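Everything below concerns the one structure shown next.
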Amino acid sequence: MESKYIPALFEQKLSSFWETKGYFKGVIEKDKKPFCIILPPPNANADLHLGHAMMVYEDIMIRYRKIQGDNTLWMYGTDHAGIETQFVFEKHLKKEGKSRFDFERNVLFQMIFDFVSLNKNIMKNQLQKLGFGLDYSNPKFPMDENIVKIVHTTFKKLFDDGLTYRAKKLVNYCVNCGTSFSDLEVDYEEREGTLWNINYPLRDEKGSITVATTRPETLLGDTAIVVNPKDKRYKKLIGKYVIVPLIGREIQIIADDAVDIKFGTGAVKVTPAHDHNDWEIGQRHSLLHIQVIGTDGKMTKDAGEYVGLTISKAREAVLLSLKEKGLLGEEKKHVHRVGRCYRCKRVIEPLPKEQWFISIKPLAQKAIEAVKKGEVEVYPKRFKKDLIRILDNFIDWNISRQIVWGIRIPAYKCAEMKNEVCQHEKGWFVSIEKPTNCPHCHSEIFAQDEDTFDTWFSSGQWPYVTLQTSGDEMYNHFYPTSVMETGHDILRAWVARMLMLGIHITGKVPFKTVFLHGLVRDKHGQKMSKSKGNVVNPLEVIKTYGADVLRASLMFETKEGSDVVLTDEKMIGMRNFGNKLWNIGRFIYMNRPENREKNTENIDLKPPVDKKKTLEKMEKELEAVKKNYHKNMNGYKFGHVLGDLHAFIWHRFADIYLEELKEELKKGNIDIQNSLEKTFLECIVFLHPFIPFETEALWQVFKGENESILKQMV
RNA sequence: GGCCGCUUAGCUCAACGGUAGAGCGCUUCGUUUACAUCGAAGAUGUUGGGGGUUCAAAUCCCUCAGCGGCCACCA
């Protein structure tokens, strides 16, 4: 044995050993208790980051359960990550001076597919470096034919159940990415803008009404002016008409409670086609919506003389014209929040677009009941309230994306609709197999929806699609899964949706427990980000200190669900602990009778009375440690467990007991040797879920090269 | 504006009703081979401020302050 623990000597070897032995292969063992975790699928084309390393919680649970003798399965898969991947791929295209518009749909899809396939193994290799005991033998990917089929089936069921609908609504559109986004995918940013006052002349009498706006160019699409019904200033004007400047349209002054009397002038221009609030007001008052900005980010023909101008050019032109006409009043600086594309950072345009939506209320209701009834447990507990609130406030989900890289929506529009031959509602039908004719009017002329599903629509089904595509037996045995472990930042985007879709489709909750981990921060408590330059690359850490150190550092004395601070000091501390552990093992091992030099003194089988007491004390203490260990492991207090083991192994077992018994051990007292070895081995079994490589390496030193701690039961 | 979390030794954090703990750092001492990535001894805290409940509060309640996060609105 080396005098130091050298990770590089063992890590790769042991990863291969575990894989060859098939210890983590998901095989049904009917006589054992099933324990299943589905890995939150990482993007298929990116490098590992610390967020992935946090999934070490899952490995800890899996290894612990396995050692307990449960039938474990940790399902491996990667995600196609729709817009993310297409965005990365388009950057590659750009380098070659091309864009996505240079290719046919099918060609572009195939190119991205090939690109992703090339990169698919990166993630597997990197997760193995972390020591993750996943079942890598059965990888899942959303574009797998059998998964696509289930996703299509889900959509059809939702359609048949009346839970999807196609509607023209205001969506968050990025004119740069060329697609709409759900409300969760819009980032808001404080920005200093300008609030302009604009006068709208009254039609039937002298005078005007002044509105305040941050977006003068949308005036071209105004279809009403709204004031608060309680606002005394405007009471007389309600119901009267004004002329929209520049475009000359006559619109009415209406009343709605949504208007804040104190803000601006208390009178608001309403552009239902380009503002979420205005859309709502428009719905309530049956206003027209006139779209003056197109999906290309330019003014439409409804913008009159401004057609073809970009949004900013149109704004300048409108302001100039208003000024010339003397209709522009006071202007002032105004800080407000602007929605930006989370992907490319461009300002999001709310635009009316016909899309597929899922009716959330009925789905959310069932999910809330399940959470309230405790069919799903949430750890840490404080997130339970959050989850219920999230479900309660979930609005209808826009699942259409105008990108190629995704699962295409299996919805077809019957062309006969125009002639009112097909009576099917809105002319749309859904078919899992490629249809040959419309099921309603039997016409052969129809077209498939060009759009693909939001990525989260397939990931929202991940627990059951991954198991169902592994066979009925696997699904029946392992579903509902045991734990869903993920970051609390995607409680809304992912966990809530898995619950809703899982319950609706399978009739069961997709997982019995949700365990949420926090963020990794630097030593100043700052979020890690490329721009701050404080990002820690887990692969570098593994190179420097080994995977065990990284894992232990993310876990040591942390509170479940809280953010984790990762510093060099902590990693050095963990490395030192690993080394201490190694040397405890080495010391005990080298004092085994067969390893001792022949010329040592006589072996006295009976320890002296005082040493015997020491041994008894040690064993008693170990019992207490063991009891606490299982209690805390089952209570998801993993950081605590590692802290306890660290304290016991180093400061009790090594500093007290080993020091006291050292001389006897060196003399060759076999009882003491046995007792210390037994205690030590038990400790490394406890420690194994946290520090898998080193403990397995030590185990093999004592038990033989072909042995594994994973076959051990505590 | 609504909700949630945090504030404990120089630093990073544990303890969550019964005499405040760990790691790192600091001080002093110690190496004829288990480990200097080590060992021994030690210093350091009116547990953010104020009030309350209790025999007993870092821990429960109220309140104030600061930090962080999520959600909603911003015409």
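Lettering of chains follows the sequences in order, A, B, ..., and the numbering in each one begins at 1. If you're wondering where the values come from, they're calculated on a predicted model, not measured in any experiment.
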By the 4.0 Å heavy-atom rule, please label [X] as base, sugar-phosphate, or nothing.
X      : answer
A:D655 : sugar-phosphate
A:T567 : nothing
A:R575 : base
A:R215 : nothing
A:V259 : base
A:H334 : sugar-phosphate
A:A647 : nothing

Whole-Å gap separating [atom2] ([N]) and [atom1] ([X]):
X      : N     : atom1 : atom2 : value
A:H640 : B:A15 : NE2   : C1'   : 8 Å
A:E659 : B:U31 : CD    : P     : 15 Å
A:L491 : B:C4  : CG    : C1'   : 12 Å
A:N579 : B:U37 : CG    : P     : 9 Å
A:D386 : B:C3  : CG    : P     : 13 Å
A:L642 : B:G21 : CG    : P     : 21 Å
A:D392 : B:C4  : CG    : C1'   : 17 Å
A:K570 : B:C24 : NZ    : C1'   : 11 Å

The side chain of [X] lies closest to which of these nucleotides: [options]?
X      : options             : value
A:R389 : B:C35, B:A75, B:C70 : B:C70
A:K580 : B:A34, B:C3, B:C24  : B:A34
A:S562 : B:A14, B:C71, B:C4  : B:A14
A:K385 : B:C4, B:A75, B:C16  : B:C4
A:L658 : B:A15, B:A75, B:A34 : B:A34
A:T214 : B:G23, B:C71, B:A75 : B:A75

Between [M] and [N] - [atom1] atom distance, rounded Å:
N     : M     : atom1 : value
B:G68 : B:G25 : P     : 29 Å
B:U53 : B:C61 : C1'   : 7 Å
B:C70 : B:C62 : C1'   : 25 Å
B:A58 : B:G18 : P     : 10 Å
B:U63 : B:C3  : P     : 11 Å
B:U47 : B:C4  : P     : 26 Å
B:A41 : B:U46 : P     : 26 Å
B:A14 : B:G23 : P     : 16 Å

Check: Checking only heavy atoms, does the side chain of A:E2 share a donor-acceptor pair with the base of B:A34 at less than 3.5 Å?
Finding: no
Checklist line | Under 3.5 Å donor-acceptor, A:H285 side chain and A:L287 backbone | finding: no
Next item on the list: Please confirm whether the backbone N or O of A:I293 pairs with a side-chain atom of A:Q291, one donor and one acceptor, at under 3.5 Å?
Entry: yes
Could you tell me which nucleotide pairs with [N] by Watson-Crick or G-U wobble geometry, both distances under 3.5 Å, or answer none if nothing does?
N     : result
B:G18 : B:C55
B:G5  : B:C67
B:A36 : none

Margin query: Using ring centroids (six-membered ring only for Trp), state whether A:Y589 and A:W699 fall under 6.0 Å.
Written below: no
Margin query: Is the distance between the ring centroids of A:F515 and A:H488 under 6.0 Å?
Written below: no
Between [X] and [N], does any side-chain N or O lie under 4.0 Å from OP1 or OP2?
X      : N     : value
A:N393 : B:A72 : no
A:H488 : B:G69 : no
A:H336 : B:C73 : no
A:W650 : B:G39 : yes

Check: Minimum heavy-atom separation for A:K235 to A:P229, with atom names?
Finding: CE-O, 3.3 Å
Next item on the list: Mind listing the closest non-hydrogen atom pair of A:W582 and A:E2 along with its distance?
Entry: NE1-O, 2.9 Å
Checklist line | Nearest-nucleotide comparison on RNA chain B, the residue closer to the 5′ end among A:H646 and A:K637 | finding: A:K637
Notebook entry, point to check: Between A:F181 and A:Y173, does a ring pair (Phe, Tyr, Trp, His ring centres under 6.0 Å) hold up when you go through it step by step?
Noted result: CA-CA 6 Å; A:F181 288 105; A:Y173 198 87; 8.4 Å; no
Note to self: Does the plane of the ring in A:H336 sit parallel, tilted or perpendicular to the ring in A:H334? Use 30° and 60° as the thresholds.
What the structure shows: tilted
